[in-house]
Protein chains: 2
Amino acid sequence: MAAKKRSEMMEETRAKLIASARKAFAEQGFAAASMDDLTAEAGLTRGALYHNFGDKRGLLQAVVDQLDTEMAQRAHDIGARAGTGWDGLLAEGVAYIEMALEPEVQRIVLLDGPAFLGDPSQWPSQNGCLHMTRQTVERLIAQGVVRPIDPEAAARLLNGAALNAALWVAASPDPQDVLAKAVEAFRALAEGLLARPS
Amino acid sequence: MAAKKRSEMMEETRAKLIASARKAFAEQGFAAASMDDLTAEAGLTRGALYHNFGDKRGLLQAVVDQLDTEMAQRAHDIGARAGTGWDGLLAEGVAYIEMALEPEVQRIVLLDGPAFLGDPSQWPSQNGCLHMTRQTVERLIAQGVVRPIDPEAAARLLNGAALNAALWVAASPDPQDVLAKAVEAFRALAEGLLARPS
DNA sequence: TCAATTCACATACGCGACGTATGTAGAAAT
DNA sequence: ATTTCTACATACGTCGCGTATGTGAATTGA
């Protein structure tokens, strides 16, 4: 076991705190989660927390950034696997709906994030999912597949639709059935973006 | 001045507390708002609050119900003025986007509401806006204007899209310009619901 | 009309959680 | 080897929620 440098130790501490916070925030919500409990589970104290993240919101910010980055990566992979065309965008959107079913994502990124950190597009992580959807839309507009509308606006509305679909699915007693309906409605809505041959 | 009955007095205190809470929650957010300050501004104490609403969440629930009812009424009027067809649905959606620009609506109903009360469709007020949009969609499906998809799903996604559009507009430095883009994108998306002559 | 009761609200208290100020041990620097 | 620095721990003050208890005015019943 090689001796660890100080910077490595600090990275490890940050990682442990973020991991504990992810669990606590997902299970109890940001407001109800106790910093004492949270840090204790990571084998640390609140001192480490305030030293590394400034305050409770700073920790939430770090957790959200990590989750958002993971989500963007996953959605990108799924979208790319479905191709660079229209199907890619649909796959991304559906992937987003399905990811939003995970309690961690829903509670932290979709509910507490906007409530306590404000508008997602202002986050340091820039909301990777949103950014990625926008790029996909831009590409499809350039391809002539999607009609020339503001790509930022389109990405916003698509992500918003997906988010609410996920909230609905998650709260339903029969998630599988509701998920199918949500995906169908999402496909229908998204088709409104298609260039009409008119 | 007629003497007031006890029930009338109680209604008045409830109204005063809700009014104070609307201001406080809108300005500071639910989590940061202090019940002591809130009740003091209404000329009361926390005693009245806990007697009438049970706890802090109960007060938020009451505020959200009131706002939601007002929003549904306003959107209904605007939609009805635009007719009972496709334009009615579009008008409702745009009205929803514009209402979501008001700090009271955005902060309380769209951000803190879901975060602290859970899924909007589970609220006692049943989320009037959502309910109304669904009815409109159902009517248009019956008319053959909208293709036969699950109306609940469609209403959910439309409202979700409108919400995120509003968050975007509100956070932008040039709301007027961004609002126009958002409305355009919303119209495009919504057209995906139209029945195709395929 | 008057005593008894109810109730809407105020007051008082305890507890938990956040943020800060201070302490400390070990690594880094010279 | 001494000094400095820093990543964390410890200790403290404060604030806000929820509850338990008190009180005066309105209501009830005879």
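A note on names: the letters A, B, ... follow the listed sequences, proteins ahead of strands, and every chain is numbered from 1. Source: prediction; values computed, not measured.
The side chain of A/Thr45 lies closest to D/dA9, out of C/dC9, D/dA9, D/dA11. Comparing atom distances between the A/Tyr50 side chain and each of C/dA12, D/dC8, C/dG19 picks out C/dG19 as nearest. The side chain of A/Ala48 has D/dC8 as its nearest neighbour among C/dA10, D/dG18, D/dC8. Taking the side chain of A/Leu44 as heavy atoms from C-beta on, and the options D/dC8, C/dA10, D/dC17, the nearest nucleotide is D/dC8.
Residue A/Val145 is tested with A/Leu140, A/Leu89, A/Val137, A/Leu193 for a side-chain contact (heavy atoms from CB on, under 4.5 Å); the sole match is A/Leu140.
OP1 or OP2 of C/dA8 lies within a sub-4.0 Å distance of a side-chain N or O belonging to B/His51. Between A/Asn52 and the phosphate of D/dA7, there is no side-chain N or O to OP1/OP2 separation shorter than 4.0 Å.
In this structure, B/Ala31 reaches neither bases nor backbone, as no heavy-atom distance under 4.0 Å exists between it and the strands shown. Nucleic acid contact class of B/Ala33 (heavy atoms, under 4.0 Å, all strands): sugar-phosphate only. Residue-level contact check: B/Ser34 touches the backbone only, with heavy atoms under 4.0 Å from sugar-phosphate atoms and none from bases. Among the protein residues, B/Leu49 comes within range of no part of the nucleic acid, since none of its heavy atoms lies under 4.0 Å from any strand.
Considering SG of A/Cys129 and CG of A/Leu158, their distance stands at 12.5 Å, rounded to 0.5 Å. In this structure, CE on B/Met99 lies 10.5 Å from CG on B/Leu67, to the nearest 0.5 angstrom.
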